[in-house]
Amino acid sequence: MRVANSKSIFFSCFPAFLIHNPMSSERRKPYPFDQFESKWQRIWEDRQLFHAPNPGEKKFDAAKPKFYVLDMFPYPSGAGLHVGHPEGYTATDIVARYKRLRGFNVLHPMGWDAFGLPAEQYAIKTGQHPELTTRENIAKFKSQLKAIGFSYDWAREINTTDPRYFKWTQWIFLKIYNSWFNPKTNKAEPISTYRGDDPDSVRLAYVAEVPVNWCPELGTVLANEEVVDGKSEVGGFPVVRRPMRQWMLRITAYAERLIDELEDLDWPPGIKLLQRNWIGKSEGAEIDFKIDNHDARIRVFTTRPDTLYGATYMVLAPEHSLVDLITTNEQRAEVRAYRERAARKSDLERTELSKEKTGVFTGAHAINPANNEEIPIWIADYVLLGYGTGAIQAVPAHDERDLEFARKFDLPIRAVVQPPGDEDPIGFVGDGIAINSPIIDGLPSREAIRKITAWLEERGLGKRAINYKLRDWLFSRQRYWGEPFPIVWQDRHHRSLGEDELPVVPPPLEDYKPTGTGEPPLAKAKDWVRYSDNATRELNVMPQWAGSCWYFLRFCDPLNDKRFVGQDAEKYWMNVDLYVGGTEHAVLHLLYARFWQKVLFDLGYVSTSEPFQRLVNQGIILGEDGQKMSKSRGNIISPDEVIAQYGADAFRLYEMFMGPLEQMKPWSMRGVEGVSRFLARVWRLIMRENQAGEWELSPAVDDVDLAKNEQKILHATIKKVTEDIESLSFNTAISQMMIFVNAFTNAEKTPVSAMRTFLILLNPFAPHLSSELWEKLKAPGDITDQSWPGYDEKFLVEDEVEMVLQVNGKVRERMKMSILASEEEIKQAALTNPRIQELLAGKTPRKVIVVPQKLVNIVA
RNA sequence: GCCGAUGUGGCGAAAUGGCAGACGCAACGGACUUAAAAUCCGUUGGGCUUAAAAGGCCCGUGUGGGUUCGAGUCCCGCCAUCGGCACCA
């Protein structure tokens, strides 16, 4: 307590209700939010006020339009919420409450993305089952969210670790597994429509031996996104490349559609660009090079077939399958040594540390198909097996990497593109004019590409080709706390379980520790693993992304036990009209979810091919020191302490008042105090404290007409708040409400009608306070049943406006003008103004610009 | 290196090409109070002019140019900070 030495005074002058627990109420509350916030939360819960009925249910009103507003659901960590989490949640809650007042059926759900590594790590440390800690963490998160007064439809709460949920995650996996992508129809179809010999080679879920990010410390494989600078994102342990049998999802089949269908989405352009870059489409050609003394050919991918004449050597990735075949005996030892070194390199060494190009000559030569020149074939780890064909034609004159390599190993460099101007052709990578290239000499690059590609195609030497950076999705994890695959193995072949065998529930385990061999922890559950006498279960589990790939669908119909989502519910609610979350999910989550949605759409299970129509990213909230909040900096602020001191409404309001939603901004307790003062002013506009220290309705509140200026400010506020909520500019909406309150604070009479209207405007932002005051005003019905007020422009315009008079662009004078004044009248009034006359000193103005109702600029 | 975002008072910020700094914080002054807290009222970008005030003038939105009667806003170049990607042929 701050007033340690003044307890007697403290007790004598404070109302009784504030002192029953003086240790917890550090200071006097500016308004008694603690008296009613939990009361309203209870009322909302008891009355199921925010439950949205589905089509076909009793209270469903088909006449209303729908609005689906969704938050990225959280991973319930042990630490609880910090003030960054509820930023987006507050924004969506304001929109949800606003849309309800506007007469929409609003779907506003919340749930838990609860599978994941931290719970498993905790289990390893403590021996507590992840299910238990998950349950506890969820309870903590949920109580924190409820304390903020969010209007979630808790009847739709979902939890990705609930068998009733992941049963359908597994079901969707089966659909993916039992589908293939038909390039003719450009969509997924049931595997039964595939006419080839080996369906397993085209399934959208398949098994492959792939080099993966193996982290010995965690005893698991990590996805690329979980590896940061060659170290594990969790724990910072070293990560090495190692081939392993893994489940993959064929997301690359959808690369084109994932790019194209971004077009019509209302997403920030930056996020669309990020996704496009991630998918990384590039157009070019594949060209076949003959190998001297061998039948095999090497296929390369290039975006610049017009530089073919400049290809003075070739490079294969060290892991390329033809390396063994073509390497000459003299070079074999050197090549083998290089390949071994490359294989041992971690990602860190391969990228960050390898500023110097390395490579070795195979001893073999290829024939350049354009000029039949013999060129040496090298291997080097700057060529990646996973991109294109894993082999390149090296054109050192017009590619920085090839140039660096050629210079280091003294390979020939030949210019074949003449840059515009007098730039040096060597090292020029842009478009120019083809030179030293008989077939295309003199052509600009774009045309040269077209012509030489056609030339190659005619001769069967190459063809147009498109490549993507996007790789197939590594979909398995060697962990315990995830969805088991509904797959069994028999005679070294995988096959799917029947839908009636779902869900496949993870077996209870005593010991969650990684085996360390790369074999998943599920291998320890011997009985569970044995599916039948000759079949065993798949031991991997799905990655955490799986559950979040379709949760927005489940929210439409969370209790359905017949289908992953009921058809009518899905049709009615989808798509998500507004999706709010952090930029950290800009690529992966959003890409994966779009991919699943498209598969389900192709197979006819959902009605839209894109899940999220409008996307908004909230900015990060920094600590009071302007640094990112983190345990180590000790600058984490929990909503609990803020709410205890200032109340949930002040917390919500400050989250939104800090600045634009998308922006990064630092927390400030002073700022919370500021909005809390504003809410107290609202309270005292309607309530006053009597002699006994009790709050009662203020006698100033009366059923009076509004003065003209009051009418104007009321309608200006309705207009501004409405428009600002629509554009998610909550900070300026709040500013306008402050202006409103400031204007009414000193009025003799507080017009009750204006107060009611204002409370409706305030309701989405500060639902507890506005509900309480609505009740205190004895206004009819519940505030949540009201309809959003409209405004009338006629109250906003005045008869007279103040206009600015400028001379040469500088403000020199102001004058009042009727809004009806014509331009000519305004001009005359300005020119005859004494101050302007004085400034002009008899000179004739050269030009007069009149902007009606705004200003006059006189150019002298 | 490439791509993207952002640079405005002491601080968070606001401004359809038309009065830069609304609103809030902090600070200062006043009212109320024995006093303080709370509350209410007022001042608050920098400089010059003035005994003081009123008033007037000049400068000011990262930086240098440009377009315009007029630029925080539009165009070109540069700098800084943050975020993403990073041998993708």
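Just so we're on the same page: letters track the sequence lines, and every chain starts at 1. Every value quoted in this text rests on a predicted model; they were computed, and no experiment measured them.
A gap of 14 Å separates the P atoms of B:rU16 and B:rG7, to the nearest Å. Spacing of P atoms, B:rC76 relative to B:rA5, comes out at 13 Å, to the nearest Å. Going from the C1' atom of B:rU8 to that of B:rA20 covers 8 Å, rounded to whole Å. With C1' as the reference atom, B:rA13 and B:rU6 are 14 Å apart, rounded to whole Å. The gap from the P atom of B:rG24 to that of B:rU43 amounts to 13 Å, rounded to the nearest Å. Comparing B:rC28 with B:rA51, their C1' atoms sit 23 Å apart, to the nearest whole Å. A distance of about 15 Å separates the C1' atoms of B:rC19 and B:rU61, rounded to the whole Å. Taking atom C1' on both nucleotides, B:rA14 is separated from B:rU73 by 13 Å, rounded to a whole Å.
Phosphate contact (OP1/OP2 of B:rC40, side-chain N/O of A:Arg681, threshold under 4.0 Å): present. Applying the 4.0 Å criterion to OP1 and OP2 of B:rC41, one finds that A:Asn746 has a side-chain N or O inside that range. Residue A:Lys810 has a polar side-chain atom (N or O) positioned under 4.0 Å from OP1 or OP2 of B:rC59. Side-chain N/O atoms of A:Lys665 include none lying less than 4.0 angstrom from OP1 or OP2 on B:rG12. Between B:rC25 and A:Arg677, a contact under 4.0 Å exists linking OP1 or OP2 to a side-chain N or O. Using a 4.0 Å cut-off, some side-chain N or O of A:Arg812 falls inside it from OP1 or OP2 of B:rC57. Close to B:rC40, at under 4.0 Å from its OP1 or OP2, lies a side-chain N or O of A:Arg684. Phosphate proximity of B:rG24 to A:Asn742: present, with a side-chain N or O under 4.0 Å from OP1 or OP2. Put simply, A:Gln663 has no side-chain N or O that comes within less than 4.0 Å of OP1 or OP2 on B:rU6. In terms of phosphate contacts, A:Thr745 brings no side-chain nitrogen or oxygen within less than 4.0 Å of OP1 or OP2 of B:rC40.
In this structure, A:Lys357 is not positioned above the aromatic face of A:Phe405 in the sense of NZ or CZ being under 6.0 Å from the six-membered ring centre and within 45° of the axis.
Taking a pair to require two hydrogen-bonding distances under 3.5 Å in either a Watson-Crick or a G-U wobble arrangement, B:rG1 pairs with B:rC85. When Watson-Crick and G-U wobble pairs are counted only if both distances are under 3.5 Å, B:rG17 pairs with no nucleotide at all. Pairing for B:rU68 is absent, with no Watson-Crick or G-U wobble pair whose two atom distances lie under 3.5 Å. The nucleotide B:rG42 finds its pairing partner in B:rC28, both defining distances of the Watson-Crick or G-U wobble pair being shorter than 3.5 Å. The partner of B:rU6 is B:rA80, by the rule that a Watson-Crick or G-U pair needs both atom distances under 3.5 Å. When both pairing distances are held under 3.5 Å, B:rG55 makes a Watson-Crick or G-U pair with B:rU49.
Nucleic acid contact for A:Lys469: base, since at least one base atom lies under 4.0 Å from a heavy atom of the residue. Among the atoms of the strands shown, only primed sugar atoms or phosphate atoms (P, OP1, OP2) are found under 4.0 Å from some heavy atom of A:Met664. Nucleic acid contact for A:Leu855: base, since at least one base atom lies under 4.0 Å from a heavy atom of the residue.
Atom NZ of A:Lys408 sits in a crowded spot, with more than 12 heavy atoms from other residues, nucleotides or ligands closer than 6.0 Å. Around CZ of A:Arg446, the count of heavy atoms belonging to other residues, nucleotides or ligands within 6.0 Å exceeds 12.
Taking every side-chain heavy atom of A:Leu273 into account, B:rC3 is the closest of B:rC23, B:rC3, B:rU16. Closest to the side chain of A:Val804, out of B:rA89, B:rC19, B:rG24, is B:rC19. When the nucleotides B:rC25, B:rA14, B:rC19 are ranked by their closest atom to the side chain of A:Pro660, B:rA14 comes out on top. When distances run from any side-chain atom of A:Ile849 to the nucleotides B:rC19, B:rG18, B:rA26, the shortest one goes to B:rG18. With B:rA89, B:rG12, B:rG24 as the candidates, the nucleotide lying closest to the side chain of A:Val383 is B:rA89. Comparing B:rA26, B:rA22, B:rA89 against the side chain of A:Ser735 picks out B:rA22 as the nearest. Considering only side-chain atoms of A:Asn731, the nucleotide from B:rG12, B:rA14, B:rC69 that sits closest is B:rA14. Distances from the side chain of A:Thr732 to the nucleotides B:rA89, B:rA15, B:rU16 place B:rA15 closest.
Taking the six-membered ring where the residue is Trp, the centroids of A:Phe409 and A:Tyr313 are separated by 6.0 Å or more.
You'll find a donor-acceptor pair under 3.5 Å spanning the side chain of A:Arg814 and the base of B:rC19, going by distance alone.
Glycosidic conformation of B:rG66: anti, with the torsion beyond 90° of 0.
In this structure, A:Leu316 places its CG atom 18 Å from P of B:rA89, rounding to the nearest Å. Look at NZ on A:Lys357: it is 15 Å from P on B:rG1, rounded to the nearest Å. Here B:rG18 presents its P atom at 13 Å from CG of A:Asn857, a figure rounded to the nearest Å.
With values rounded to the nearest 0.5 angstrom, A:Asn833 atom CG is found 8.0 Å from A:Ile858 atom CD1. The distance from atom CG of A:Asp431 to atom CG of A:Asp306, rounded to the nearest 0.5 Å, is 7.5 Å. For the atom pair A:Ile826 CD1 and A:Ile819 CD1, the distance stands at 10.5 Å (nearest 0.5 Å).
Just one residue in the list A:Phe730, A:Tyr646, A:Phe678, A:Trp667 forms a ring pair (Phe, Tyr, Trp, His ring centres under 6.0 Å) with A:Tyr654, and that residue is A:Trp667.
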